[in-house]
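I have placed the structure first, in the form of structure tokens, so that the comments after it can refer back to it.
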Amino acid sequence: MTDRVRVGVLLLSLVGLYGTLIPDLVGDWMRSGDYSHGFLIPVVSVWLLWDRREKVSAIPSRPFFPGALVVAGAVMQMLIGVASAELFLQRSSLVLFLIGWTLLVWGVPRLRALWFPFAYLLFMIPLPAVVWYAMAFPLQLLASQVTATALTMAGMEAVRLGNVIQLPGCTLEVADACSGLRSLVALSALAALLAEGSLVPGRGPGRPVGRMMMFLAAVPVSIVANVLRVGFSAGVAAAWRTDVVSGGLHELLGLLLFVLAGGMLLALREGLAWVEETPRRWSQ
């Protein structure tokens with residue numbers, strides 16, 4: 001059986017198992033701004049697969065039959081998700097199915113070259129609502145607390161009540177959309193690409209520890225960017241009025257700060273590369 005035949009069988013299996021889930025997933029991307037980046041994730045994943053095509057084709061195919069257990073586990077996970085009406089279980093089983101199929105048909109060596117494009121697809125799957133809100137509310141409180149403290153230190157009157165900041169003449173609520181969780185998910189996807197190094201060539205962390213630090217840096221970077229956005233919004237609202245920072249201006253500010261956060265991740269990537277290269281320069 002040639003690789004083209006194997007890929008064809010895989011695609012038919014994916015259509016048969018997950019064909020009805022994909023339209024609903026795309027609908028979630030369209031309806032929710034929290035996962036609008038989902039449209040880009042499969043495109044990037046396919047590009048990564050295409051970029052690896054020559055390297056993968058050069059690896060001998062060595063079927064690993066225990067991969068059938070992984071495939072069975074993926075199907076079982078999907079069935080459990082259907083029975084419990086849990087979309088995350090159903091959708092995430094796709095990644096497990098791809099990993100199991102690769103193990104079964106091509107073997108462990110090829111999976112080593114393909115695991116990242118497969119795992120990257122997880123970024124397109126919305127988290128369960130209970131997990132999302134459990135993460136969003138603490139981030140709302142953190143953003144409101146830091147913002148109120150910063151405004152007070154700057155000489156402005158600011159009192160925090162939960163996720164609400166009382167300002168002179170107006171009140172600013174740090175809503176769910178301002179928790180920063182949306183940018184955290186998108187920045188995590190970007191940080192994973194920068195850590196892996198395929199999509200953005202150049203200097204970057206080459207060691208596992210550096211790559212892990214690169215990926216985990218998305219958390220503090222997104223928090224800093226969100227605090228800056230909330231703080232700027234609060235300052236403008238106190239100086240003028242609350243509706244000045246709503247609507248299009250609010251979205252533009254979020255976009256600009258996301259670009260800033262992306263720049264911070266790129267700078268960190270260069271910094272980690274410099275740290276890794278320093279001992280080699282000293283030894284020369």
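None of these values were measured; they are calculated from a predicted model. The first residue in the sequence is number 1, and the count goes up from there.
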statement: Smallest heavy-atom separation, M124 atom then G38 atom, equals CB-O, 4.0 Å
task: Would you give the length of the straight line joining atom CE of M213 to atom CZ of R269, rounded to the nearest 0.5 angstrom?
output: 15.0 Å
query: In terms of hydrophobic clustering (I, L, V, M, F, W, Y; side-chain heavy atoms under 4.5 Å; direct or indirect links), are L69 and L17 co-clustered?
result: no
- prompt: At what distance, to the nearest 0.5 angstrom, does CG of L25 lie from CG of L21?
  reply: 8.5 Å
- request: Could you please spell out the steps behind the side chain to side chain contact (heavy atoms under 4.5 Å, CB included) verdict for D28 and R91?
  value: CA-CA 12 Å; D28 284 349; R91 294 165 174 174; 2.9 Å; yes
Single-linkage hydrophobic cluster, 4.5 Å side-chain cutoff, L260 and M214 together: yes
field: Check: G81 main-chain N/O paired with Q90 side-chain donor or acceptor under 3.5 Å
entry: yes
- prompt: Can you name the nearest heavy-atom pair linking A218 to L184, along with the distance?
  reply: O-CD1, 3.7 Å
- prompt: Which atom pair, heavy atoms only, marks the closest approach of P63 to V105?
  reply: CG-O, 3.5 Å
statement: Between P117 and the options L48, V46, V44, the side-chain contact (heavy atoms from CB on, under 4.5 Å) test singles out L48
- request: Give the ring-plane orientation class for F116 versus Y120, where under 30° counts as parallel, over 60° as perpendicular and anything between as tilted.
  value: tilted
task: Hey, could you give me each pair passing ring-ring contact (aromatic ring centres under 6.0 Å, His included) that has a residue in residues 9-41? Not counting sequence neighbours.
output: W29-F39, Y35-H37, Y35-W132
- prompt: So which heavy atom on P220 is nearest to which on A217, and how close?
  reply: CD-O, 3.2 Å
- request: Check whether any side-chain N or O of S144 sits under 3.5 Å from a backbone N or O of V164 as a donor-acceptor pair, and report yes or no.
  value: no
statement: The reported gap from CG in L181 to CG in L127 (rounded to nearest 0.5 angstrom) is 7.0 Å
R110 side chain to I59 backbone, donor-acceptor under 3.5 Å: yes
field: Side chain proximity check, V159 to I165, heavy atoms < 4.5 angstrom
entry: no
field: Within one Ile-Leu-Val-Met-Phe-Trp-Tyr cluster: W50 and L111, side-chain cutoff 4.5 Å
entry: no
Shortest non-hydrogen contact from N226 toward A143: ND2-CB, 3.6 Å
- prompt: Same cluster for L89 and V95 if Ile/Leu/Val/Met/Phe/Trp/Tyr side chains link at under 4.5 Å?
  reply: no
message: So for atom CZ, which belongs to R62, do other residues, nucleotides or ligands contribute more than 12 heavy atoms lying within a distance under 6.0 Å?
response: no
query: Do R52 side-chain atoms and A113 backbone N/O form a donor-acceptor pair below 3.5 Å?
result: yes
- line: One should read off an interatomic distance between L114 CG and R53 CZ, to the nearest 0.5 angstrom, of 13.5 Å
query: R160 versus L141: any side-chain heavy-atom pair under 4.5 Å?
result: yes
query: How far does CZ of F215 sit from CG of L194, to the nearest 0.5 angstrom?
result: 11.5 Å
query: Quick one: are T149 and Q145 in side-chain contact, heavy atoms under 4.5 Å?
result: yes
- prompt: Quick one: do F88 and I80 end up in the same hydrophobic cluster if we chain Ile, Leu, Val, Met, Phe, Trp and Tyr together by side-chain heavy atoms under 4.5 Å apart?
  reply: no
message: Tell me the closest heavy-atom pair linking L121 and P42, and the distance in Å.
response: CD2-CA, 4.0 Å
Test log, rule side chain to side chain contact (heavy atoms under 4.5 Å, CB included), inputs L87 and D24: CA-CA 10 Å; L87 287 175; D24 289 338; 5.6 Å; no
message: The test is side chain to side chain contact (heavy atoms under 4.5 Å, CB included); show your working for L14 and L98 and say whether it passes.
response: CA-CA 9 Å; L14 291 176; L98 289 171; 3.9 Å; yes
task: State the OG-CG distance between S188 and L193, to the nearest 0.5 angstrom.
output: 11.5 Å
message: For the backbone of I41 and the side chain of S45, can you confirm whether one donor and one acceptor N or O come within less than 3.5 Å of each other?
response: no
- request: Test V71 against F97 for side chain to side chain contact (heavy atoms under 4.5 Å, CB included), laying out the working first.
  value: CA-CA 5 Å; V71 172; F97 182 87; 3.6 Å; yes
task: State, with a plain yes or no, whether a side-chain heavy atom of S92 is found less than 4.5 Å away from one of L122.
output: yes
